[in-house]
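What follows is a short report on a single structure.
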Amino acid sequence: MITGLDHLVLLARDIGPAIAAYETLLSRKVAWRTAGDGVETAIFTLANMSLEIMAPSGDGPMAARVRARLDAEGEGLASLCFRVSDIDRFQRRLRRLGLKPEDVATSGSTNAIDGASLTWRRTRTAVDATHGVRLFYLEPTAERPLSASADAPIVGLDHFVIATQDAERAAALYGARLGLDMRLDLTQPDWNARLMFFRCGDLIVEIVQRLNETPSNKPDRLWGLSWRVSDIEAVHARLTAAGLDLTAIGAGKRPGTQVFTVKSGTLGVPTLVIQTD
């Protein structure tokens, strides 16, 4: 079963500026670095998930795929990886549900920062079976090191957003087939949206369908992130001082929350910062 979100992958054209942007946004340092097959990766690990930034840096099949994706869609979120328990059993479930999973494989990584190593077992489902969103599933053997934090850091991820033009299809995938717990299904004409919220560990998968868009079988899109903080005024002041374009702090749509939007410095990812009471 899915126990949480393991990580999200964000594609960038240049690893250096991308790291600098997210060190500023998160007020945290990269905890894991790797390079190979013409790409470089940098991983920030927070309380409840990791963010992996990947950028091409040479030649190789992976570098070619990353560059092709960047040329087609630009920088931004590329895939997500759920954490699971008993990946062999889960892979069999995915196969029974027609999601066409790959065979479970063992992989590993060595951290260029300190030489530490990690291993894990993973699979992935076919993109056409998951309506355009690249989904991976991973069972780790150990935890990644946490990213060191500085002043007014981002604590963790509150929710991530998947945009769809077929809410019923998305509900069937993430709820009935992948087994996430639907907590709310809300249609709000004032927001021009139907919103569905699925619990995933201690964060939320939010599915959004715009009411003014005709339902269709177009691919879903991994769209935006909402970062959790413990002192929203301090985070807002820190990011303002760093020169980022922000909205003012205001009341969130969820009762008891305060939010602001980050409009620059996110590599094209729609980004919200949220504090709950």
Straight-line distance of [X] [atom1] to [Y] [atom2], nearest 0.5 Å:
{"X": "Leu138", "Y": "Arg124", "atom1": "CG", "atom2": "CZ", "result": "13.5 Å"}
{"X": "Phe260", "Y": "Gln275", "atom1": "CZ", "atom2": "CD", "result": "10.0 Å"}
{"X": "Tyr22", "Y": "Ile43", "atom1": "OH", "atom2": "CD1", "result": "15.0 Å"}
{"X": "Ile15", "Y": "Ser57", "atom1": "CD1", "atom2": "OG", "result": "8.5 Å"}
{"X": "Leu8", "Y": "Phe136", "atom1": "CG", "atom2": "CZ", "result": "12.0 Å"}
{"X": "Leu5", "Y": "Cys81", "atom1": "CG", "atom2": "SG", "result": "8.0 Å"}

Inset, instruction - Hydrophobic side-chain clustering at under 4.5 Å (ILVMFWY, transitive links): who's grouped with Leu70? Put none if nobody. - result: Val9, Leu11, Val39, Met54, Met62, Val66
Inset, instruction - Could you check Leu246, Thr271, Thr247 and say which one makes a side chain to side chain contact (heavy atoms under 4.5 Å, CB included) with Lys263? - result: Thr247
Inset, instruction - Determine the sole option in Leu135, Val269, Leu80 for which the side chain to side chain contact (heavy atoms under 4.5 Å, CB included) test with Leu222 is passed. - result: Leu80
Legend entry - Contact check, side chains of Val30 and Ile53, non-hydrogen atoms, under 4.5 Å: no
Inset, instruction - For the pair Thr276 and Thr257, evaluate side-chain hydrogen bond (donor to acceptor under 3.5 Å, both in side chains) and give the outcome as yes or no after the intermediate values. - result: CA-CA 5 Å; Thr276 60; Thr257 62; over 6 Å; no
Under 3.5 Å, is there a donor-acceptor pair between the side chain of [X] and the main chain of [Y]?
{"X": "Asn192", "Y": "Asn212", "result": "yes"}
{"X": "Arg122", "Y": "Pro140", "result": "no"}
{"X": "Asn111", "Y": "Arg33", "result": "yes"}
{"X": "Glu139", "Y": "Asp86", "result": "yes"}
{"X": "Ser147", "Y": "Thr45", "result": "yes"}

Inset, instruction - With sequence neighbours left out, write down each residue that passes salt bridge (Lys or Arg N to Asp or Glu O under 4.0 Å) with Arg67, or none if nothing qualifies. - result: none
Inset, instruction - For Ile232 and Gln258, work out which heavy atoms get closest and say how close. - result: CD1-O, 3.3 Å
Inset, instruction - Test Thr119 against Thr141 for side-chain hydrogen bond (donor to acceptor under 3.5 Å, both in side chains), laying out the working first. - result: CA-CA 6 Å; Thr119 60; Thr141 59; 3.0 Å; yes
Inset, instruction - Decide, yes or no, whether a salt bridge links Arg228 with Asp202 under the criterion of side-chain N to carboxylate O below 4.0 Å. - result: yes
Inset, instruction - Determine, stepwise, if the pair Arg13 / Glu75 fulfils salt bridge (Lys or Arg N to Asp or Glu O under 4.0 Å). - result: CA-CA 7 Å; Arg13 296 193 180 278; Glu75 295 181 315; 5.3 Å; no
